[in-house]
Amino acid sequence: MSNSVSAIVAPWLTVIGIGEDGVAGLGDEAKRLIAAAPVVFGGIRHIELAASLIRGEREAWQSPFEKSVEAIISRRGSPVVVLASGDPFLYGVGATLARRIEASEMRTIPAPSAFSLAAARLGWALQEAATVSLHGRPLDLIRPHLQPGARVLALTSDGNGPNALAGLLSESGFGQSRLTVLEALGGERERVSRHVASSFTLEKVNALNVCAIEVVADAGSRVLPLASGRDDALFEHDGQITKREVRALTLSALAPRKGELLWDIGAGSGSIAIEWMLADPAMRAIAVEASPERAARIGRNAARFGVPGLSVVEGQAPDALSGLARPDVIFIGGGGSEAGVMEAAIAALPSGGRLVANAVTTKMEAVLLAHHAGLGGSLIRIDIARASPVGTMTGWRPAMPVTQWSWVKA
């Protein structure tokens with residue numbers, strides 16, 4: 001940051017959370033700052049809620065939003081007030097502005113978030129409920145939270161959000177879940193109504209709503225286990241899938257760390273990348289797959305597992321790797337014996353980056369043995385046998401052995 005910026009000591013930007021109760025819910029300091037501000041930025045609704053206090057310019061959010069961010073930054077050093085919904089740092093504009101503006105230049109006066117208000121109305125312990133924003137984001141993000149007996153608070157995008165959420169619950173086997181819709185919390189139009197997902201019929205829902213879900217799993221519901229090595233049957237695949245036991249060992253070897261980016265090369269069904277992303281909401285992954293049919297299948301699997309942010313690149317490695325964001329970790333499950341793939345993967349990794357590669361063919365195994373001999377790392381062999389009928393009895397049927405090489409780049 002330049003010297004002229006670092007010289008600014010006193011906060012010039014004030015971010016004020018405002019609820020549906022408008023001015024009545026603001027403290028004296030917030031009211032004074034709004035009234036004294038030469039310019040007030042916010043959504044049209046926020047500006048209307050605080051209209052009786054505003055004496056300066058009124059700047060409604062522009063589209064794209066980045067235009068408004070630039071307009072705010074252009075006033076650096078002069079008093080600016082930004083109005084935001086509830087807690088500006090919970091899926092809010094405060095966090096967006098903080099990416100461009102130092103915290104020392106900002107002061108924030110938060111109001112209760114929609115999640116806090118919902119928990120208060122329901123008598124729920126907020127720390128024990130899962131919270132997820134579906135505002136402008138795919139509904140599929142709710143899926144990992146659908147655990148029997150769980151409580152989930154979900155912020156939706158609009159008046160159709162609760163109905164769409166009820167539909168997702170029903171088609172996933174959670175139709176008996178209790179769904180409470182909390183509309184326009186804190187204001188004169190507040191309404192709280194309780195429903196069963198499978199029989200949801202509420203109409204004319206306020207666009208500002210939170211859905212509270214008490215999860216009830218029907219027989220055959222699609223519950224996603226919390227441990228890696230999920231059942232193969234949960235994935236749509238054509239046989240090109242890292243089987244669950246090997247997948248669990250592979251995820252262990254990949255050793256996910258918060259926020260890391262994985263390249264899953266030769267992704268097949270996408271099972272490794274999907275389970276990588278399920279480890280934490282901050283995880284990122286790119287699945288590289290040459291087959292158009294499989295690439296489309298990966299996208300469908302990602303949605304059904306609640307990780308729609310998985311990026312799918314259709315193409316043949318190593319050419320398809322060109323231009324991708326630099327990975328922290330790479331998994332090679334298919335195509336690793338093709339010319340240039342291993343070399344491109346190794347070159348792409350930063351110092352300290354990790355690579356795990358599995359081999360089921362002798363050709364790929366030879367590649368891994370050669371790289372182990374030249375670069376070190378660890379080499380293991382995974383042999384799995386499954387009990388299966390042998391006539392009228394049961395015997396062990398061995399699966400194809402897997403050779404796995406794990407390596408950390410110096």
Side-chain angles (χ1 to χ4, degrees), residues 1-120 126-127 131-133 135-137 153 155 184-187 208 210 258-259 281-282:
M1 189 166 287
S2 67
N3 291 334
S4 61
V5 172
S6 61
I8 299 171
V9 177
W12 57 272
L13 174 62
T14 303
V15 184
I16 298 174
I18 188 167
E20 285 299 288
D21 51 356
V23 172
L26 297 174
D28 292 342
E29 178 71 356
K31 292 177 183 176
R32 182 187 67 77
L33 289 166
I34 293 171
V39 59
V40 176
F41 286 81
I44 294 174
R45 181 175 59 87
H46 303 134
I47 291 173
E48 289 176 348
L49 286 168
S52 64
L53 295 175
I54 300 174
R55 298 191 178 95
E57 297 178 51
R58 305 178 185 197
E59 294 283 352
W61 295 134
Q62 301 179 58
S63 181
F65 183 69
E66 185 62 25
K67 289 183 179 179
S68 290
V69 175
E70 294 298 336
I72 292 168
I73 292 173
S74 72
R75 296 172 180 265
R76 178 176 256 127
S78 299
V80 175
V81 164
V82 167
L83 299 177
S85 296
D87 184 346
F89 279 87
L90 186 65
Y91 298 109
V93 69
T96 302
L97 293 172
R99 298 189 191 108
R100 301 283 304 277
I101 300 169
E102 293 286 345
S104 60
E105 298 178 59
M106 301 170 60
R107 79 179 76 179
T108 302
I109 304 176
S113 69
F115 292 145
S116 294
L117 291 172
L126 188 54
Q127 74 274 12
T131 56
V132 58
S133 174
H135 185 77
R137 306 168 78 199
L153 292 172
L155 184 66
L185 286 169
L208 299 172
V210 177
K258 191 178 182 73

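Start at 1 with the first residue, then count along the sequence.
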Closest non-hydrogen atom pair between [X] and [Y], with its separation:
X   : Y    : answer
I44 : A60  : CG1-CB, 4.0 Å
A51 : R58  : O-NH2, 3.4 Å
P79 : V39  : O-CG1, 4.0 Å
P11 : S104 : CG-O, 3.7 Å
Y91 : V132 : OH-CA, 4.1 Å
D87 : P110 : OD1-CB, 4.0 Å

Could you tell me if the side chain of [Y] sits less than 4.5 Å from the side chain of [X], heavy atoms only?
X    : Y    : result
R100 : E66  : yes
R107 : T14  : yes
F115 : L185 : no
L117 : E20  : no
E59  : I72  : no
V93  : W61  : yes
L126 : S116 : yes

* **S68 side chain to Q62 backbone, donor-acceptor under 3.5 Å** =>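 Indeed, once roles are kept as given, a pair shorter than 3.5 Å links the two residues.
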Between atom [atom1] of [X] and atom [atom2] of [Y], what is the distance when rounded to the nearest 0.5 Å?
X    : Y    : atom1 : atom2 : value
L208 : S85  : CG    : OG    : 7.0 Å
K31  : E29  : NZ    : CD    : 12.5 Å
T131 : L153 : OG1   : CG    : 7.0 Å
L33  : D28  : CG    : CG    : 11.0 Å
I34  : L26  : CD1   : CG    : 5.0 Å
L97  : L13  : CG    : CG    : 6.0 Å

* To do: Decide yes or no on side chain to side chain contact (heavy atoms under 4.5 Å, CB included) for R99 and V69, but give the supporting numbers first.
  => CA-CA 10 Å; R99 298 189 191 108; V69 175; over 6 Å; no
* Asked: Given F89 and V15, is the side chain to side chain contact (heavy atoms under 4.5 Å, CB included) satisfied, shown in steps?
  -> CA-CA 10 Å; F89 279 87; V15 184; 5.6 Å; no
* Would you mind telling me which of E70, E105, E57 makes a salt bridge (charged side-chain N to carboxylate O under 4.0 Å, His left out) with R75? =>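 Result: among E70, E105, E57, E57 is the only option passing the salt bridge (charged side-chain N to carboxylate O under 4.0 Å, His left out) with R75.
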